[in-house]
*Asks:* 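Would you mind keeping the following structure in view while I ask a few things?
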There are 2 protein chains.
Amino acid sequence: MGEYKNTKLDDVFTAMSDGTRRAILARLAQSDARVTELANDFPISLNSTSKHIRILERAGLVTRAVQGREHVLTLNAGPMAEAMEWMEYYRQFWEHSLAALEDFVIKKRKQDQRRSKKQ
Amino acid sequence: MGEYKNTKLDDVFTAMSDGTRRAILARLAQSDARVTELANDFPISLNSTSKHIRILERAGLVTRAVQGREHVLTLNAGPMAEAMEWMEYYRQFWEHSLAALEDFVIKKRKQDQRRSKKQ
DNA sequence: CCTATATTCACCCTTATGGGTGAATATAAA
DNA sequence: TTTATATTCACCCATAAGGGTGAATATAGG
């Protein structure tokens, strides 16, 4: 509500909105890797991989260390914390829904039990 | 990694990647609202609002109840749970980073204390 | 110096966003 | 029945994604 131009969150959520990029993050969670190594792991070109990395860097989720001609990418999950915080506020809503669903199921089961006793 | 075409997560993260849509979700967290009501709360046209709502619906974050000519939108935070779960895996990484940073700061402080005693 | 490797730059193409306007549609109300 | 309201549909425009290819750049290694 207060927020309106939180471009930081924009970038983080955008970065995570693509399956290939999520897979790159998962890969980097195992160990650092170079651009070419990442490209080999996915069915897309080196150039395409490079572009995905740029989007991840923009979100701050990946850090680049240039060592000569090699660029070593490192996972930096930090920015996810802010995204989690934002979503945390909504936890009450889905947990409330689940609780309501549970209540419904339990009441329904008791109802059914009463019915079966009458028969 | 295992996942690769999780279009559900794609849709949820995409829906949350825009400030206006995040604001709409925050608004609906207060109470249900009609399309026109939402449009009045934001500096964009009714049509643009309608499009944002479609994207939120695609992600399952908003539900529509048509009552005559009025469409009542309801927040459905459920799909955020899956997104949270996905991000939860990465918590270790940013918490680890924070812990490492804390260690560094503490050691640095002690170092500085030793130095000031020597002077 | 020459060559191979690692990445990016500069493009092309297609589709999706994000914004707009005006018209069509559906329903409520006079 | 006519009119007003609520929402969407059909477009237009600009920009960003997501994919590709070929060339340029930078550095490592003979």
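A note on names: the letters A, B, ... follow the listed sequences, proteins ahead of strands, and every chain is numbered from 1. What's counted below: heavy atoms across the whole structure, side chains too, no hydrogens, waters or symmetry copies.
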*Asks:* Looking at residues 48-58 of chain A, who's got a heavy atom less than 4.0 Å off DNA chain D?
*Replies:*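 When residues 48-58 of chain A is checked for heavy atoms under 4.0 Å from DNA chain D, the hits, listed by number, are Ser48(A), Lys51(A), His52(A), Ile55(A), Arg58(A).
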
*Asks:* If you assign Ser45(A) and Asp11(A) each to the DNA chain D nucleotide with the nearest heavy atom, which residue ends up on the more 5' nucleotide?
*Replies:* Asp11(A)

*Asks:* Mind calculating the distance between CG (Leu46(B)) and C1' (dG20(C)) to the nearest angstrom?
*Replies:* 12 Å

*Asks:* Counting side-chain heavy atoms from C-beta on, which of dT7(D), dG19(D), dT7(C) comes nearest to Ile44(A)?
*Replies:*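 My answer, after comparing the listed nucleotides, is dG19(D).
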
*Asks:* For the residue pair Met80(A) and Tyr90(B), what are the closest heavy atoms and their distance?
*Replies:*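 Smallest interatomic distance, heavy atoms only, reads SD-CB, 3.5 Å.
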
*Asks:* With a 4.0 Å cut-off, would you call Arg54(A) and Glu57(A) a salt bridge?
*Replies:* no

*Asks:* Measure the distance from CD on Glu70(A) to P on dT27(D) and round it to the nearest whole Å.
*Replies:* 13 Å

*Asks:* Can you tell me the distance, in whole Å, between the CZ atom of Arg34(B) and the C1' atom of dT5(D)?
*Replies:*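 Rounded to the whole Å, the gap is 9 Å.
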
*Asks:* Applying the 4.5 Å side-chain criterion to the ILVMFWY set and letting contacts propagate, would Leu56(B) and Trp94(A) be lumped into a single cluster?
*Replies:*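 Yes, Leu56(B) connects to Trp94(A) through the hydrophobic network.
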
*Asks:* Rounded off to whole Å, could you give me the CZ-to-P distance for the Arg22(A) and dG18(D) pair?
*Replies:* 11 Å

*Asks:* Asp10(A) has an atom CG; how far is it from atom P of dT15(D), in whole Å?
*Replies:* 18 Å

*Asks:* How are the rings of Tyr89(B) and Phe93(B) set relative to one another: parallel (under 30°), tilted (30 to 60°) or perpendicular (over 60°)?
*Replies:*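 Plane angle over 60°, so perpendicular.
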
*Asks:* What's the CG-P distance between Leu38(A) and dA6(C), to the nearest Å?
*Replies:*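 In whole Å, dA6(C) P lies 13 Å from Leu38(A) CG.
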
*Asks:* Just the rounded figure in Å: distance from C1' of dT5(D) to CG of Asn40(B).
*Replies:* 13 Å

*Asks:* So, the side chain of Thr14(A) versus the backbone of Asp11(A): is there a donor-acceptor pair under 3.5 Å, distance only?
*Replies:* no

*Asks:* Considering only dA17(D), dG18(C), dT7(C), which nucleotide approaches the side chain of Thr14(A) most closely?
*Replies:* dA17(D)

*Asks:* What closest approach, in Å, do Ala15(A) and Leu61(A) show between heavy atoms, and which atom pair accounts for it?
*Replies:*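 Heavy atoms only, the tightest pair is CB-CD1, 3.9 Å.
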
*Asks:* Would you please confirm or rule out a distance under 4.0 Å between OP1 or OP2 of dT8(D) and any side-chain N or O of His71(B)?
*Replies:*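 For dT8(D), OP1/OP2 do have a side-chain N/O of His71(B) under 4.0 Å.
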
*Asks:* Checking contacts here: which listed nucleotide (dG20(C), dA6(C), dG18(C)) is nearest the side-chain heavy atoms of Arg21(B)?
*Replies:* dG18(C)

*Asks:* Do Val35(A) and Ile24(A) share a hydrophobic cluster, counting only Ile, Leu, Val, Met, Phe, Trp and Tyr and linking them when any side-chain heavy atoms are less than 4.5 Å apart?
*Replies:*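 Linked, Val35(A) and Ile24(A) end up in one cluster.
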
*Asks:* Counting primed atoms plus P, OP1 and OP2 as sugar-phosphate and everything else as base, spell out the protein contacts along nucleotides 22-30 of chain C at 4.0 Å heavy-atom distance: B, S or - for each nucleotide, 5' to 3'.
*Replies:* B----BS--

*Asks:* If two hydrophobic side chains count as joined below 4.5 Å and joins carry through other members, does Leu9(B) share a cluster with Val12(A)?
*Replies:* yes

*Asks:* Could you check Asp32(A) against Thr74(A) for side chain to side chain donor-acceptor pair (under 3.5 Å), going step by step and ending with a plain yes or no?
*Replies:* CA-CA 5 Å; Asp32(A) 293 356; Thr74(A) 305; 3.2 Å; yes

